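Below is one structure, written out as structure tokens; the observations come after it.
Since the model is a prediction, treat every value here as computed from it, not as a measurement.
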Amino acid sequence: MAELQIFTIDTFKGVNKSETETLLELGEASEMSNFIITDDQKLKKMFGYSALNEATGEKINGMWYGKIKGENRFLFARGGKVYELKENPITHEIEEIELGEIVDAYPTTFWAANNVVYIMDGHEFYQWDGDIFKVVEGYVPTAFTAVPPTGGGSILEGINYLTGTKKMKFSGNGSATVYQLPEYGIERVDKVMVGTEVKQPNTDYTVNLQNGTVSFVTAPPNGVNNVEITWTKQEEGYRERITKCRWYGGQYYARYWIYGNPEHANTRFCSGVTMAGVSDPTYWPIFTESDVGEHEITGIVTQYDKQLIFTTGNSSGASAWYSTNESVYDENTGLLITLFPVFPINAKIGNEAPGQVQIILNNPFTVWKGVYQWVSTYVLNEKNAEWLSQRVQRDLDQLDLTKALTWDWYEMGVYLLCVGKRIWCYNYRVDAWYILDLPHEPTCFMTVDDKLHFGTTDGRIMRFAENEPTFAGEEIVATWEMGYYNFGADYLRKFIQHIYISLLPLVSTHVDIYLSTDVRAAFKFIKRIGYQLATFDNWDFSTFSFEQNWSPQPKKFKLKAKKIDYIKIKLETTGTDGAVVLSITLPVRVGGFVKNRG
């Protein structure tokens, strides 16, 4: 009799669809759904989630969670309104508190700075400080200083795209009564101050809107910057350059960055630093934006001391760039100007899913006909992007990845790539892919108190939790299929009488085992194995004893796989039971050569 050989799977390596099933390693799966790969590389049934609110039929357009004035707040956009999701301190029920109205647009982007949440819906720019929700009016810059009554002076701050309101400081000479503004055809004069005194229109001064002049009844006294005039003239299309942006690119070099204006698709916009040295998200100076290549910008992130910009470019132009900062003295204005030059780093690979670049363990992950990890971002090099999705690429090739959603579920060490109701999960701690199939379609993700949340197309917010046995009431069906395996000898027949499976003891757990071989391809149900630990719910006191055993117990049962060449094992878990598979062991005897089957 041939010597018995032992083959054990105790390291589960995730799903691999890049190879023919017969070439997979032991531990790799050809198909996998709703099982996850743990950090110790065991097979665990995915836990469930529950709904925090009721369905409305309107999709969740965006979510945000963070601290405002020291208090954690959870905001979301749905149906043209922004809500706060909050627990009632008396009833402990989750409530939706309406904060304000916006455009019902997907996606809606939230970001926070200086204890204020900013909201972009691609149509308007809003803010909420924890109390007041309003449209962003914009910082009013002091455009010129030390200006003589006849005009001129020195440039101090750039005009703000968001508002046509600006001010300038004149130095009175004690005799001039007419003060010339730098613009003609102005809309209004908002405020006039001489020294610390606010002057009154028609009583202290008159305005010629067409000529852009302010005429004082009494000439202001001699002084330096002692006359301040605030006026408004809004240039057509200026505000829309900012309000039509959809994506936030983070903070880099004391500036906030946004992009995604469809009329300026290859343009990134940066906020300004006020004359007080404050980085202000309501201040977007004109002419500080910059075009990056010729293609649409789809991602901006900060890595170390550089900003990275990803576009939808192709081989005719760079698709990935990095930007640094440098200070330049402008001899014409006398100002020290900060520039942000860009340099190409890859001409073939970029990002095609807008706003979905993630920084994973300090490396950017982008979506480009698959998933790429960027390992070097300092020089132009085609090898600086590593193809990460090779094992699931056959799935991704069938998808429109421009609609993909991504997220870094840091607490689980998992990168998520979602299209529709399916999520491809990459455990970057152990280099393993697995797949989740959900009954609800995510529209956005957010991590709240270490728990993953997602918005849905029907207006609900779902929260994953270890103690949830279902997907919001829907059964979780977890399946795992190994590839067809021949134990290294496809020309010899095998005899497998038994299989051993070890499960982690849980309160209630089971796994159904199915068998497929080259002799019989259709899956055959073999056996259900499981545990049920003692609890007050299931104790039978008539058989009660003080003996306990919480250790894993290998289960042995018959396979009766005779004269086979290839074998495939399928595991399935249904219902509300959890399951953690620790190992699968197959004792194999090798027989004679395989024979042709008629």
Side-chain angles (χ1 to χ4, degrees), residues 136-239 241-242 254-255 269-289 328-338:
V136 174
E137 297 173 358
Y139 169 78
V140 177
T142 301
F144 299 92
T145 185
V147 182
T150 54
S154 301
I155 297 175
L156 184 60
E157 293 180 312
I159 294 172
N160 190 353
Y161 271 133
L162 282 178
T163 178
T165 303
K166 70 280 289 182
K167 55 189 175 183
M168 62 190 301
K169 295 184 177 182
F170 292 86
S171 297
N173 58 14
S175 60
T177 57
V178 178
Y179 281 65
Q180 180 67 57
L181 299 175
E183 292 182 296
Y184 299 102
I186 65 175
E187 298 171 23
R188 64 180 181 271
V189 169
D190 303 281
K191 187 177 181 180
V192 175
M193 292 185 64
V194 177
T196 59
E197 182 182 356
V198 178
K199 296 298 183 178
Q200 300 303 314
N202 299 322
T203 300
D204 299 315
Y205 66 89
T206 57
V207 176
N208 186 316
L209 297 178
Q210 185 59 40
N211 293 336
T213 58
V214 175
S215 300
F216 290 92
V217 174
T218 303
N222 189 56
V224 177
N225 288 335
N226 62 329
V227 178
E228 182 179 280
I229 299 177
T230 304
W231 79 101
T232 297
K233 180 181 179 180
Q234 181 68 51
E235 296 292 339
E236 184 178 357
Y238 269 17
R239 183 176 176 87
R241 285 175 175 254
I242 304 302
R255 287 158 176 82
F269 296 87
C270 68
S271 67
V273 178
T274 70
M275 62 180 178
V278 176
S279 183
D280 191 337
T282 72
Y283 181 33
W284 302 87
I286 64 172
F287 309 140
T288 58
E289 71 270 27
V328 177
Y329 178 75
D330 189 334
E331 295 182 353
N332 294 322
T333 63
L335 298 177
L336 189 64
I337 300 174
T338 301

Can you confirm whether more than 12 heavy atoms, excluding those of E137, are under 6.0 Å from its CD atom?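 No, CD of E137 has 12 or fewer neighbouring heavy atoms, counting only those of other groups under 6.0 Å.
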Would you say [X] and [Y] make side-chain contact, with heavy atoms under 4.5 Å?
{"X": "Y179", "Y": "P149", "value": "yes"}
{"X": "T142", "Y": "K167", "value": "yes"}
{"X": "R188", "Y": "T165", "value": "yes"}

Where do [X] and [Y] come nearest, in terms of heavy atoms and distance?
{"X": "D190", "Y": "W231", "answer": "OD2-C, 3.2 Å"}
{"X": "A176", "Y": "P220", "answer": "O-CD, 3.5 Å"}
{"X": "G174", "Y": "A219", "answer": "O-CB, 3.8 Å"}
{"X": "Q234", "Y": "Y161", "answer": "NE2-O, 3.8 Å"}
{"X": "G223", "Y": "S171", "answer": "O-CB, 3.1 Å"}

My understanding is that only residues two or more places apart in sequence, or in another chain, count here; which of them pass side chain to side chain contact (heavy atoms under 4.5 Å, CB included) with L162?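 For L162, the residues satisfying side chain to side chain contact (heavy atoms under 4.5 Å, CB included) (neighbours in sequence not counted) are F125, V136, N160, R239, I242, T243, W284.
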For N173, what residues pass the side-chain hydrogen bond (donor to acceptor under 3.5 Å, both in side chains) criterion, not counting sequence neighbours?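 Applying side-chain hydrogen bond (donor to acceptor under 3.5 Å, both in side chains) to N173 gives S175.
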Would you confirm whether [X], through its side chain, and [Y], through its main-chain N or O, come within 3.5 Å as a donor-acceptor pair?
{"X": "S279", "Y": "A254", "answer": "yes"}
{"X": "T282", "Y": "Y139", "answer": "yes"}
{"X": "K166", "Y": "K233", "answer": "yes"}
{"X": "E235", "Y": "G164", "answer": "no"}
{"X": "E157", "Y": "M275", "answer": "yes"}
{"X": "N226", "Y": "V194", "answer": "no"}

Walk me through whether F144 and L156 qualify under side chain to side chain contact (heavy atoms under 4.5 Å, CB included). CA-CA 5 Å; F144 299 92; L156 184 60; over 6 Å; no
Is there a side chain to side chain contact (heavy atoms under 4.5 Å, CB included) between R255 and T338 once you walk through the steps? CA-CA 11 Å; R255 287 158 176 82; T338 301; 3.9 Å; yes
First locate atom CD of Q180, then atom CG of N211, and finally report the distance between them rounded to the nearest 0.5 Å.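 CG of N211 is found 7.0 Å from CD of Q180.
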Output for pair (T163 OG1, Y283 OH), nearest 0.5 Å, gives 11.5 Å
Yes or no on side chain to side chain contact (heavy atoms under 4.5 Å, CB included) for T213 and Y205, after CA distance, side-chain angles and deciding distance? CA-CA 10 Å; T213 58; Y205 66 89; over 6 Å; no
Can you find a side-chain donor-acceptor pair between N208 and S215 that sits under 3.5 Å? no
Exercise answer: donor-acceptor pairs, residues 195-204 side-chain atoms, under 3.5 Å, sequence neighbours excluded:
from: E197; atom 1: OE1; to: K199; atom 2: NZ; distance (Å): 3.3
from: D204; atom 1: OD2; to: Q200; atom 2: N; distance (Å): 2.8

